[in-house]
Amino acid sequence: MTRRAEEFKPLVPGRLGLYTCGPTVYSYQHIGNMRATVHFDIIARMFRANGYEVNHVLNVTDVGHLVNEDEDSGEDKMEKGARLDGTTAWDVAQKYLDAFVADTDALNIGRPAHMPRATGYIAEQIDMIKQLEAIGYTYIIPGKGVYYDTSKFAGYGKLSGQDLSKIRAGARIDDTGKKNPTDFLLWGFSPTGAKREMEWDSPWGPGFPGWSIECSAMSMKLLGPHFDVHAGGHEHINVHHTNEIAQSEPIVGAPWVNYWVHHEWLMGKDGKMSKSNGEIYRVADLINLGYDPMAFRYLLLLGHYKSPLNFSLESLDAAATGYENIVRKFAKIMRAAGTEQNEPNRKKHDEWRDKILAAVNDNLRTAEALVIVQELLKDADTDDATKFFLFGFIDALLGLQFMDRARKLCIAEDAPVPVEIQALADARGAAKAAKDFARADELRAQVEAAGYAITDGADGVRIVKK
């Protein structure tokens, strides 16, 4: 709200109430969407590392998010998804929610305390609209729905810092009936003579909730009338989050939310990565291309959430190399005799821990934290036992699963290489020595097709089961 970094002061000491914008489950989430979810996960991990009890709510929009830019006109995204999939909106919601959860698991994103679905809180949304109606903040456009009158709320636009008269709520097909261009839908009426797949009875007739009302109703139900942090994409500042404030604060008072945190986009070669421009990857796509999802998470943490981050397969390759280097270095530490049994140097441990945590505590500077991790690995004055214990903390804070991947690498390196695979590797070495690189590449491909990775390093050729 103040557009600057501030010291965090909780509403309840030792507790964090966190609400984050989750998926609209009409389609698969792409990796640009997943940048947001990783960012939310880092917020929760940071607070836990500082000793907070975190009540994290991540909403699931399964009704009411309309397709046009103003977010309150056009076809419902869920009904559109059902039409395209040739199934029901309810089936669409479950299919894509399951896919989203699978992606979060692959990226080691911790499960929130609550993942409420908008369709599960219709009564709460209706009740909130009734409260706004009672205090004179609503009006009805016949045939369209119940609308919020933004002229009634003096603070409308304060989150973005824009004047009410200058806020452009988005392109509209038809504004007929609106008192102000920024007024927005609270409850949409079902079409006359037709029944929507997702509709409910209400005091104003059968229909469905608008998009923004779900977040206010669900957050208040699960976090209380006031809570600490609301996070989401910066594209939500001007309309969605502005609307949430406008419909919440007349009921509960200000400030409804103490801190707003907005992340920037993941960028492709043609701008923002989105479904509309066709340039998208899913987490499953990256896995099918042979990437460890932790390499993608590592790439995200090399950027800062407040800045756009460029994505390409080349940048992911570079991140994968950096991530694997850390894993290999830590695997050597893990192999050191007695590492898991020996006690760490507590003074050294706490110094490094505090240094890494301080970087993340300062507005989520994860890239700086990773630089400190590299410094830790190289530090000759810190023993292996201390480094080992520190990586438990690092994994808890950043969620990069260094320890898991290092253990798997140790197991793979200890596994005996089958005679036939070793023969292929030896033949590849002979082909390289003879400068028959085409043959060497062919033999390498055969090794990898058999489920083994082969790399050339300063210490010779390494063959590891994938």
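One-based numbering along the sequence shown. Hydrogens, waters and symmetry mates are skipped; everything else that's a heavy atom, side chains included, is used.
Within the model, atoms CG of L400 and OH of Y298 stand 8.0 Å from one another, a figure rounded to the nearest 0.5 Å. Distance CG/D362 to CG/L357: 11.0 Å, rounded to 0.5 Å.
Defined by atom type and a distance below 3.5 Å, a donor-acceptor pair is present between the side-chain atoms of T119 and D62. With hydrogens and angles left out, the side-chain atoms of D317 and S315 include no donor and acceptor closer than 3.5 Å. A side-chain donor-acceptor contact under 3.5 Å links Y96 and D85. Side-chain atoms of S216 and Q247 include a donor-acceptor pair closer than 3.5 Å. Side-chain atoms of N361 and N50 include a donor-acceptor pair closer than 3.5 Å.
Aromatic ring orientation, F40 versus H263: perpendicular (interplanar angle above 60°, classes split at 30° and 60°). Between H262 and H241, the ring planes lie tilted relative to each other; the angle falls in the 30° to 60° range.
Put simply, the side chain of Q94 does not reach to within 4.5 Å of the side chain of D91, judged on heavy atoms. Residues F402 and Y323 are in side-chain contact: their nearest non-hydrogen atoms beyond the backbone lie under 4.5 Å apart. Side-chain contact check for H56 versus D41: every heavy-atom pair is 4.5 Å or farther apart. Residues Y259 and H230 have side chains not in contact (no heavy-atom distance under 4.5 Å, counting atoms from C-beta outward). Proximity of E53 to F47: side-chain heavy atoms (C-beta onward) are nowhere separated by under 4.5 Å.
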Could you go through the salt bridge (Lys or Arg N to Asp or Glu O under 4.0 Å) check for R35 and E264 one step at a time?
-> CA-CA 9 Å; R35 183 188 190 192; E264 269 282 2; over 6 Å; no
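Although no hydrogens or angles enter the test, the distance criterion places no donor-acceptor pair under 3.5 Å between the side chain of H226 and the main chain of V257.
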